[in-house]
Each structure stands twice: as C-alpha cells, then as structure tokens.
K.L.:
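Dumping the structure here so I can ask a few things about it.
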Amino acid sequence: MASSKMIDLNCDLGESFGPWSMGNDEAILPFVTSANIACGFHAGDPSTMMKTVALVASHDVHIGAHPGFKDMEGFGRRQMALTPVEVYDLMLYQIGALYACTKAQGVSLHHVKPHGALYNMAAQDNNLAKAIADAVYAFDPNLVLYGLSGSALITEGEQRGLTVYSEVFADRIYQADGMLTPRTMANAVITDHDQAFAQALLMATEGKVITADGVNIPIKADTICMHGDNESAIAIARKVHHTLKLSRTP
C-alpha cells in the first residue's frame, strides 16, 4: 500500500495565552512538516506567537498563519455572522501579525489555514471562501492555502490562482458529502490510535475515507492534520509520520 506522493503532515500550534497553556507544541513538532500558528484572535498572543515561530523554525518545519474568528472564549469554534468584507479584513489583519513575527526572526511564511468555525463555514460558503482566497492572494500570491478537501475553499483558492493543499483529518469522522462531522455531534472525534492511524493511511495511500455510515468515498489528501493537544494525539502523529515516511518513494 505504498504511495509515491509526498504527504504533508500539519498541526495547529501556538494556542496558549499568557499563563494558560494549550497543547504540547514541542512534542508534536518532530512528527510534522508544517505548523499552523494561532494569530491572536481565537488563541495566542504576541509573545506566544513570537516564541512559537522560533520553536517551529528550530525544527525546520513550514510556518503557516492560522487565523480565526475573534472569539477567544469560544476558541474560535462558534459561528459568527461576518460579511465577506469583514472576513477579508480579519484575514489580512491576522496574516499580517504573524508575518511580522516571521520577518523579525528572518524566517518565511509558507501557508495560511483558517481555523475552526471560519474554516468550516468557508468549506460550504463560496462567498466566505472567496473572501479568504482573495485576502491570501492580496497579501502574497505565493502563499499556499490549506482547506478542507473537496470544499468551496479549495475551489475558490484554485480559481484565484493560489496553490492549494487539500486537507484531511486523521482524527475526525467524515459525512457522506465529504464534510467533517460537527464536534457538537457524538463520535465526531476519533480517539482510538489504531482507527486514526488506519484512516490517515487509507486517505494518504488510497485516496479514500470511510464515512460515518460505513461507505467508502474518494478524497484528495495533500496534507493531513495531526492534532497535538494530548498524549494520545502525539502517539497517533508519531505512528503516522514514521509509516508514511517509510511508504514514500524517494
């Protein structure tokens, strides 16, 4: 079940705030190739952003901006009724903030991946997806846009002329339409190591995923999201990293 395709492994980092610690950033970094750093709206703060950029750079991992709704209390996972213009503006604001952190440290910004509710809404709303793609292109057309595989965000990014990475999730249950099962529903998140690993491997090597209804559907996988907020997730990331690395063709 080998694949000749190089698969990117990404994780969300820098989501601590002041003295409050979130995630295990240092433990997950050896097993990923890209990191999405919170930009201060749903999580993170200026000092955390600077420290996280330095940490990611020390592991030679691609740095990405992870902008979300301005909803610290809800961790950016609550829907907000913003217009496309407002979404465009908040994207530019947050990308610019992280870019300042990278520029000050002499490292490059590689990609942008929206966070939480903004990511999920843009997956199905072409107007929001276009606003995000337009903002990324306006800031730097060479940045890669990460979006849910098969979603409006991928479509709008491609139409805008951006390089896009179709993202899949090792630890999330999929619906028949290729969308993620909402976190508000039971069994939306996979916690079993073996199940998450099997799903990641199936998506990366065979381009398909088994839905909540037990049906195989096709899915494009350029990058796999590896959450690193607990020991279980890190164990899954380690196993996926080592196995996919062995399955790659030089």
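Just so you know, these numbers use all the heavy atoms, side chains as well, and skip hydrogens, waters and symmetry mates.
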K.L.:
Counting only heavy atoms from other residues, nucleotides and ligands, does the tally under 6.0 Å from CG of D60 exceed 12?
P.N.:
no
K.L.:
What's the spacing between Q79 CD and D71 CG if we round to 0.5 Å?
P.N.:
11.5 Å
K.L.:
Just checking, is any N or O donor in the side chain of Q199 or Y174 under 3.5 Å from an acceptor N or O on the other one?
P.N.:
no
K.L.:
Please lay out, stage by stage, how E73 and R78 fare under the test side-chain contact (heavy atoms from CB on, under 4.5 Å).
P.N.:
CA-CA 9 Å; E73 294 83 1; R78 298 183 293 193; 3.8 Å; yes
K.L.:
Are I219 and M226 connected, step by step, through hydrophobic side chains (Ile, Leu, Val, Met, Phe, Trp, Tyr) whose heavy atoms are closer than 4.5 Å?
P.N.:
yes
K.L.:
Looking only at heavy atoms, which two atoms of D125 and N127 are closest? And how far apart?
P.N.:
OD1-N, 2.9 Å
K.L.:
Are there over 12 heavy-atom neighbours, none belonging to Y99, within less than 6.0 Å of that residue's OH?
P.N.:
no
K.L.:
So L118 and L82, side-chain contact (heavy atoms from CB on, under 4.5 Å) or not? Walk me through it.
P.N.:
CA-CA 10 Å; L118 178 59; L82 271 63; over 6 Å; no
K.L.:
How are the rings of H111 and Y146 set relative to one another: parallel (under 30°), tilted (30 to 60°) or perpendicular (over 60°)?
P.N.:
parallel
K.L.:
Any idea which heavy atoms bring R172 and T181 closest together, and the distance?
P.N.:
NH2-O, 2.6 Å
K.L.:
Would you say Q105 has more than 12 foreign heavy atoms packed within less than 6.0 Å of its CD?
P.N.:
yes
K.L.:
Going by heavy atoms in the side chains, are M22 and F17 under 4.5 Å from each other?
P.N.:
no
K.L.:
If you take all heavy atoms of C11 and V32, which pair is closest and at what distance?
P.N.:
SG-CG2, 3.7 Å
K.L.:
Have T223 and D8 got a donor and an acceptor in their side chains that come within less than 3.5 Å?
P.N.:
yes
K.L.:
At what distance, to the nearest 0.5 angstrom, does CG of L153 lie from CG of L145?
P.N.:
4.5 Å
K.L.:
Say you draw a straight line from CD1 of I63 to CG of L13; how long is it, rounded to the nearest 0.5 Å?
P.N.:
10.0 Å
K.L.:
side-chain hydrogen bond (donor to acceptor under 3.5 Å, both in side chains) with H42: which of K70, E15, H66?
P.N.:
E15
K.L.:
Kindly indicate, with the supporting measurements, whether the criterion side-chain contact (heavy atoms from CB on, under 4.5 Å) is fulfilled by D12 and K113.
P.N.:
CA-CA 9 Å; D12 303 338; K113 173 187 167 180; 3.2 Å; yes
K.L.:
Counting C-beta onward and ignoring hydrogens, is there a side-chain heavy-atom pair between V107 and V56 closer than 4.5 Å?
P.N.:
no
K.L.:
Without placing hydrogens or testing angles, list every side-chain donor-acceptor pair under 3.5 Å for residues 154-164, not counting sequence neighbours.
P.N.:
| residue | atom | partner | partner atom | Å |
| --- | --- | --- | --- | --- |
| T155 | OG1 | S151 | O | 3.4 |
| E156 | OE2 | N126 | ND2 | 3.0 |
| R160 | NE | D134 | OD1 | 2.9 |

K.L.:
With the side chain counted from C-beta on, respond yes when L201 and V240 share a heavy-atom pair under 4.5 Å apart, and no when they do not.
P.N.:
no
K.L.:
Less than 4.5 Å apart, any side-chain heavy atom of V53 and any of I37?
P.N.:
yes
K.L.:
Are F31 and L9 side-chain neighbours, meaning at least one heavy-atom pair lies under 4.5 Å?
P.N.:
no
K.L.:
Name all pairs fulfilling the side-chain hydrogen bond (donor to acceptor under 3.5 Å, both in side chains) condition that reach into residues 81-90, sequence neighbours left out, sorted by first residue then second.
P.N.:
T83-E86
K.L.:
For Y137, does the OH atom sit with more than 12 other heavy atoms under 6.0 Å from it, leaving out its own atoms?
P.N.:
no
K.L.:
Output yes when D194 and K239 qualify as a salt bridge under the 4.0 Å nitrogen-oxygen rule, no when they do not.
P.N.:
yes
